[in-house]
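Report on the structure given below.
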Amino acid sequence: MCVVSEELSRGWICAGSLGTRSEIAGELIAAGTTEQKSYWLPKLASGEVLPTAVFTEPDVGSDLASIKTRAKKQKNGRWAVTGSKTWITHASRTDLMTLLLRTGDEVAGNEGLSILLAAKTRGTPENPFPDKGLDGSEIRVLGYRGMKEYVLSFDGFEVASDGLLGAREGLGFKQLMRTFEGARIQTAARCIGVGWNAFELALRYATERRQFGKAIVQFPRVADKLALMIAELVMARELTYFAARQKDVGRRCDIEAGMAKLLGARVAWSNADLNVQIHGGNGYALEYEASRLLCDARILNIFEGAAEIQAHVVGRGLLANRAIN
């Protein structure tokens, strides 16, 4: 997963991000019932079904315990969903929503959360949200423009009676937590791809651009930037691959995943910024790829857990390990 994500993101981060929602949905559904797994997982693997993660709410970022969107069981056995969600990637074109919300009685905090596997009709440019009870509007963004983001509004949107993940209420938070390690490792790999792209663009420009009769790569201030870019990139890549190996053998790796995502995002942004600097004025021009790469790299410190959240996870985990030891 990391190798593929890194290489695709090396070309364009949006290509490297296409598998993210399927990776999250696949890991969630792996904790589902036998029927849910046999129905959805083959379709996810083949690409027949395009899923999206529907977790974040307008007033709720990382504080998932404050989620307000609710689903109530109707007399016909189906779930009726009411509420709003935001920052939902390619929501119009998806076929399946992994929907985090509240079910059943008024249970506060994480204990009241469940996940619904909510099938939907794939939208078109003319009719982006054809299903009754579901509407949305696109969020215009600075970069990362290949992955359209939406605000969603649910007003009695119906989900099948067997859509409750694992067929048990109140497990949503625990089910979601299992996906964070893989999602953050995969995001770290995307960061590495973006960082490689920035380094390669900077190196090519520095060897081709001439000033004062020689290529600018021969000036120490430029060469030093390139050296820093590659050194930090290799460091972040090795940490990401270490976290991936821990995940591969089934070990808990929330600290490693958090460190990889935290460092990877910082290196991607730093490399994108240094790439613009090496390009000089041309790096600020929209006609050069360096400016787009800078805008794309900025989101990496925010999505799949902001840098502050990663630092909190790492710090809390290290303190817990120290207390145990």
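- Arg237 and Thr240 form no side-chain donor-acceptor contact under 3.5 Å, judged by distance and modelled atom types alone.
- Partners of Glu27 by salt bridge (charged side-chain N to carboxylate O under 4.0 Å, His left out), not counting sequence neighbours, listed by chain and number: Lys247.
- Residues forming a salt bridge (charged side-chain N to carboxylate O under 4.0 Å, His left out) with Arg316 (at least two apart in sequence, or on another chain): none.
- Every residue meeting the ring pair (Phe, Tyr, Trp, His ring centres under 6.0 Å) condition with Tyr144, not counting sequence neighbours, appears here in chain and number order: Phe303.
- A donor-acceptor contact under 3.5 angstrom links the side chains of Tyr241 and Glu6, judged on distance only.
- With sequence neighbours left out, Phe129 forms a ring pair (Phe, Tyr, Trp, His ring centres under 6.0 Å) with Tyr150.
- Of the N and O atoms on the side chains of Thr69 and Glu57, at least one donor lies less than 3.5 Å from an acceptor on the other residue.
- Between Arg10 and Glu200, at least one side-chain N (NZ, or NE/NH1/NH2) sits under 4.0 Å from a carboxylate O, which counts as a salt bridge.
- Side-chain polar atoms of Gln186 and Ser5 form a donor-acceptor pair below 3.5 angstrom.
- No side-chain donor from either of Asp135 and Ser153 sits under 3.5 Å from a side-chain acceptor of the other.
- Side chains of Thr94 and Thr52: a donor-acceptor N/O pair is absent below 3.5 angstrom, by distance only.
- Residues passing the salt bridge (charged side-chain N to carboxylate O under 4.0 Å, His left out) test with Arg122 are Asp95, sequence neighbours excluded.
- Contacts of Glu308 classified as salt bridge (charged side-chain N to carboxylate O under 4.0 Å, His left out), with partners at least two apart in sequence or in another chain: none.
- At a cut-off of 3.5 Å, with distance as the only test, no side-chain donor of Tyr205 or Asn275 sits close to an acceptor on the other residue.
- Note on Arg298 versus Asp296: no salt bridge recorded, every NZ/NE/NH1/NH2 to OD/OE distance being 4.0 Å or above.
- A distance-only check finds a donor-acceptor pair linking the side chain of Thr33 to the backbone of Gln36 [under 3.5 Å].
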